[in-house]
Colleague: 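The structure is given below, and queries will be raised subsequently.
Along the sequence shown, the residues carry numbers beginning at 1. Note that the structure is a prediction, hence the values are computed from the model and not measured.
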Amino acid sequence: MKEFGERLCELREQKGMTRLELAKATGFTEVSIGRWEKGLTIPDIKTLKVFVNFFGVTAGYLLGIED
């Protein structure tokens, strides 16, 4: 199964957004988005909730627990 970073990148690209655009839309930095997408760091629960709501997916999907 895919990891969080891969899922985040795919969802961002499906919306046709750059990392900078996603950062501005969610209140995070472009650097943080890049680090999460590359798997260098993982988000906390509050951050995960922001992405769940923004993309309209489940936490399980974002975390790679479900498809």
Colleague: Does Arg19 reach the main-chain N or O of Glu30 with its side chain, forming a donor-acceptor pair under 3.5 Å?
Modeller: no
Colleague: So, are Lys15 and Glu21 salt-bridged, with charged N and O less than 4.0 Å apart?
Modeller: no
Colleague: Side chains of Glu6 and Cys9: does their closest heavy-atom pair fall under 4.5 Å?
Modeller: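 No. Closest side-chain heavy atoms not under 4.5 Å.
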Colleague: Would you say Leu40 has more than 12 foreign heavy atoms packed within less than 6.0 Å of its CG?
Modeller: yes
Colleague: For the pair Leu11 and Leu62, evaluate side chain to side chain contact (heavy atoms under 4.5 Å, CB included) and give the outcome as yes or no after the intermediate values.
Modeller: CA-CA 9 Å; Leu11 289 167; Leu62 259 180; 3.7 Å; yes
Colleague: Provide the closest heavy-atom pair for Ile33 versus Leu8 in the form atom of the first, atom of the second, distance.
Modeller: O-CD2, 4.4 Å
Colleague: Using a 6.0 Å cut-off, check whether atom CD1 of Ile42 has over 12 heavy atoms from anything other than its own residue.
Modeller: no
Colleague: Measure across Ala59 and Leu48 and return the closest heavy-atom pair with its distance rounded to 0.1 Å.
Modeller: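 Heavy-atom minimum between the residues: CB-CD2, 4.0 Å.
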Colleague: Evaluate the side-chain proximity of Leu22 to Phe54: yes if any heavy-atom separation is below 4.5 Å, no if none is.
Modeller: yes
Colleague: List in chain and number order the residues that pass salt bridge (charged side-chain N to carboxylate O under 4.0 Å, His left out) with Glu10, two or more places apart in sequence or in another chain; answer none if no residue qualifies.
Modeller: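 With neighbours one apart ignored, the set is Lys2.
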Colleague: Quick one: do Val57 and Ile65 end up in the same hydrophobic cluster if we chain Ile, Leu, Val, Met, Phe, Trp and Tyr together by side-chain heavy atoms under 4.5 Å apart?
Modeller: yes
Colleague: Can a salt bridge be assigned to the pair Arg7 and Asp67 using a cut-off of 4.0 Å between side-chain N and carboxylate O?
Modeller: yes
Colleague: Let me confirm one number: the NZ-OG1 distance from Lys24 to Thr29, rounded to the nearest 0.5 Å.
Modeller: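 OG1 of Thr29 is found 13.0 Å from NZ of Lys24.
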Colleague: Would you check if Trp36 and Phe28 make a side-chain contact, meaning some heavy-atom pair closer than 4.5 Å?
Modeller: yes
